[in-house]
Amino acid sequence: ATAETVEEALDVPVRVAQESSARFDLLFPSAKDARPHMNTRELREVRLEARELLGRLERVAEKQAGALPEDAQKRAAFLTGVSMAGATVPELRASTTLRHQWQSFCLGQPDDAQNSKKSGEG
């Protein structure tokens with residue numbers, strides 16, 4: 001709710017995954033769990049809230065539309081994919097620098113290190 005940029009918002013799922021991988025796996029299961037205690041009304045509500053978090057990410061992104069797809073469904077899928085990759089790929093999850101480079105690459109933003117080399121600073 002407090003993220004002002006796409007970059008900040010993309011890191012929210014990553015922070016949840018870093019702080020509690022069990023909680024993240026519970027919110028965003030990679031497969032349907034047939035156990036009755038994993039399909040309660042309360043758990044469905046919590047998962048819905050987690051998905052609403054990703055919806056807020058899209059609303060932040062609308063302010064910085066730049067390289068994002070114009071179609072709302074494609075934009076939502078793109079942003080969810082970038083954000084979830086940061087939370088689920090171990091290397092991206094563990095390295096803020098690498099994750100931000102990945103996000104910049106996906107958003108079509110130049111990498112700071114490459115900018116420095118191009119301008120003769122690095």
Side-chain angles (χ1 to χ4, degrees):
T2 61
E4 294 181 17
T5 66
V6 174
E7 293 81 3
E8 290 174 17
L10 285 170
D11 271 351
V12 173
V14 176
R15 286 194 301 273
V16 171
Q18 289 172 330
E19 291 169 7
S20 175
S21 60
R23 186 172 105 193
F24 181 84
D25 292 340
L26 186 63
L27 294 174
F28 301 103
S30 57
K32 184 167 174 71
D33 193 328
R35 296 176 293 179
H37 68 278
M38 296 300 288
N39 196 24
T40 64
R41 180 181 57 80
E42 294 84 3
L43 188 52
R44 284 192 302 273
E45 288 175 4
V46 169
R47 287 181 177 149
L48 179 62
E49 285 181 40
R51 283 173 179 75
E52 286 174 2
L53 173 73
L54 293 173
R56 287 195 290 265
L57 165 61
E58 184 178 354
R59 287 189 290 280
V60 169
E62 286 174 359
K63 298 174 187 173
Q64 291 180 247
L68 299 175
E70 290 184 26
D71 178 76
Q73 285 184 313
K74 289 179 182 178
R75 184 174 55 246
F78 177 82
L79 291 169
T80 299
V82 172
S83 183
M84 296 303 280
T88 58
V89 174
E91 295 81 2
L92 296 176
R93 188 169 161 177
S95 171
T96 301
T97 302
L98 182 58
R99 184 173 59 258
H100 287 179
Q101 288 175 340
W102 156 252
Q103 292 167 353
S104 292
F105 173 78
C106 291
L107 294 170
Q109 299 170 342
D111 179 41
D112 289 339
Q114 290 176 347
N115 286 342
S116 295
K117 288 179 186 176
K118 287 179 184 176
S119 66
E121 296 172 14

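Numbers for residues simply follow the sequence, beginning at 1.
Atom CD of E8 and atom CZ of R15 lie 8.0 Å apart (nearest 0.5 Å). Taking CG from L92 and OG1 from T97, the interatomic distance works out to 11.5 Å, rounded to the nearest 0.5 Å. Distance check, rounded to the nearest 0.5 Å: NE2 of H100 to CG of D11 gives 3.5 Å. One distance of note links CD of Q101 with OG1 of T96; it measures 11.0 Å at 0.5 Å rounding.
Enclosure of atom CD in E42 by more than 12 non-hydrogen atoms of other residues, nucleotides or ligands within 6.0 angstrom is indicated. Surrounding CD of Q73 are at most 12 heavy atoms belonging to other residues, nucleotides or ligands under 6.0 Å away.
A87 and A17 get closest at one heavy-atom pair: O-CB, 3.6 Å.
Follow the hydrophobic side-chain contacts under 4.5 Å out from V14 and you never reach W102; the two are in separate clusters. Criterion: ILVMFWY side-chain heavy atoms under 4.5 Å apart, direct or through other members. Under it, L10 and F105 are not part of a common hydrophobic cluster. Linking ILVMFWY side-chain heavy atoms closer than 4.5 Å, directly or via other members, places M84 and V46 in a single hydrophobic cluster.
R99 is not listed as a side-chain neighbour of V89, based on a closest heavy-atom distance of 4.5 Å or more. For the pair F78 and D71, the minimum side-chain heavy-atom distance is 4.5 Å or more.
Checking side-chain atoms of R93 against main-chain N and O of T88 turns up no donor-acceptor pair under 3.5 Å.
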